[in-house]
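This structure is a prediction, so every number in the text was calculated from the model and none was measured.
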Amino acid sequence: MKAYGPFLWRVLALLALALAPMSRPSQAAETALVAVAANFAETAQRLAGLFTARTGEDIVITVGSTGKLYAQIINGAPYDVLLAADQRRPRLLVEGGHGVGGTRFTYAEGRLSLWTPQPDGIPAGGGIAVLARGQFRHLAIANPKLAPYGLAAKQALEHLGLWQKMQPRLVMGQNVGQAFSMVATGNAELGIIARAQVLSPRNGQPGSRWDIPEHTHDPILQDAVLLRHGQNNKAARDFLAYLSSDEARALIAASGYGAGKSGADK
Amino acid sequence: MIAALDLAPIWLTLRLAATSTLLLMLLGTPLAWWLAHTPSRMKSLVEAVTALPLVLPPTVLGFYLLILLSPDSTIGGAWVSLTGDNLTFSFSGLVIATMIYSLPFAVQPLQAAFEAVGRAPLEAAASLRAPPRDAFLTVASPLALRGYLTALVLSFAHAIGEFGVVLMVGGNIPGRTKVISIAIYEHVETLEYTQAHALSALLLVFSFVVLALVYTINRRFPVAAG
């Protein structure tokens, strides 16, 4: 065993050397690490592009479900900003001391659409009729227990009196992204998903859609919050401020969201 | 604690694992037999294909299956016109996915066992005028018993633990595609830790027992062919 001693130390030293750059604080002065809920990822990328062009400050985006990002943050993930898909997780982060109080605000309000890749699948004004007639095998939604968009989809179906009727046809993605892919790949004929996904330039099949009226469900308010890790990060604070600028709000609105009101903690 | 637990995912998972394991034994046997005895140069390629699920992330299998089994595809479309139902989001679809996912766990132990048995016992049987099918059933199969036990137990256990593929092609439908691993995932994400603990502990104990069983089998029957 003794013969392995020096060797072992050398291996350990090498390991330490290899790991060293990772444990150094990740950002130089002007890079912010932004954790973004999956539904907003693409819009966030475009916002970051505009922001960097304007300020020269870099934004690095990590995408995940709000729940997973939350779990990572409370376990020490080095994110500076969280753009969540709900209000609850940012609030919990502030309450738990992982988010900076007074920095929380609604940056976007999610919108739902009933969507099918079939161009004539949903005639204009006929969304409810398509659902009520039930001539399809599967309707994809995000899991209402896990995803804000899923909960809103459930509320909308309940409001329309179709929730019970849809039960045998419902398939659930773990998040609205998975629900979207179920429809995009033709496995489910219809889906209730985020309007931003349908409008996305990455979506090659505009198909047909019915925009679900907002009054049928609780608003999908998506909050942003500055995280403790980023409280001294100028880029992080600037990016948050930028999100409520006219330019950013116009892009957010064009991407299929209601642009959030500017304002602080409620 | 168990009273509050939804037992449907457990029952469904057991059904899924049993069905797919049974089918795998039936379809895996000729494949393993062929691999054990063929002089064909294709052997390496077929072996590589068989081992793919060991290496590929479940997301890759899930992604391809989502497309292959979709009603818009040839396979999925044929299934729809045959049964009127999707292959994805259905129990049948999960059985197919699980079989592909567990294929190496069935085929590899069987192939190893058949190779260990070798040709000699079969040739002896043939010289005693046993028809090939008889020789296989009464001579080769019993000698490959250890391989069968290992294949059976591993395929079954692997099917029980499947998550990624089911997540992608299942659609989380209670009683049809919501298996234990998906139920655990949902419990964890919704902070229902009590239920998550119960199901996770169940899986942990089960997996330990299964592996202990496999290693015991391997000790009891050290060399299949003697």
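Chain A forms the most heavy-atom pairs under 4.5 Å with one residue out of Thr177(B), Ile173(B), Asp72(B), and that residue is Asp72(B). Chosen from Gln178(A), Gln174(A), Met182(A), the residue pairing most often with chain B at heavy-atom distances under 4.5 Å is Gln174(A). Ranked by heavy-atom pairs shorter than 4.5 Å toward chain A, the options Leu167(B), Ile67(B), Val169(B) are led by Leu167(B).
The OH atom of Tyr185(B) lies 9.5 Å from the CG atom of Asn143(A); values are rounded to the nearest 0.5 Å. The line from CD of Glu186(B) to CG of Leu146(A) is 5.0 Å long, rounded to the nearest 0.5 Å. The structure places OG1 of Thr185(A) at 11.5 Å from CG of Leu68(B), a figure rounded to the nearest 0.5 Å.
Heavy atoms of other residues, nucleotides or ligands lying less than 6.0 angstrom from CZ of Phe206(B) number more than 12. With a 6.0 Å radius and a threshold of 12 heavy atoms from other residues, nucleotides or ligands, Tyr64(B) has its OH atom at or below the threshold. In the displayed structure, Phe63(B) atom CZ is contacted under 6.0 Å by at most 12 heavy atoms of other residues, nucleotides or ligands.
Across Ser70(B) and Asn187(A), no two heavy atoms sit closer than the pair CA-OD1, 3.0 Å. Shortest non-hydrogen contact noted between Arg137(A) and Asp85(B) is CD-CA, 4.2 Å. Contact between Pro71(B) and Gly186(A) at its shortest, heavy atoms only, is CD-O, 3.3 Å.
Only the backbone of Pro168(A) comes within less than 4.5 Å of a heavy atom in chain B; its side chain stays farther off. Ala188(A) touches chain B through backbone and side chain together, each having a heavy atom under 4.5 Å away.
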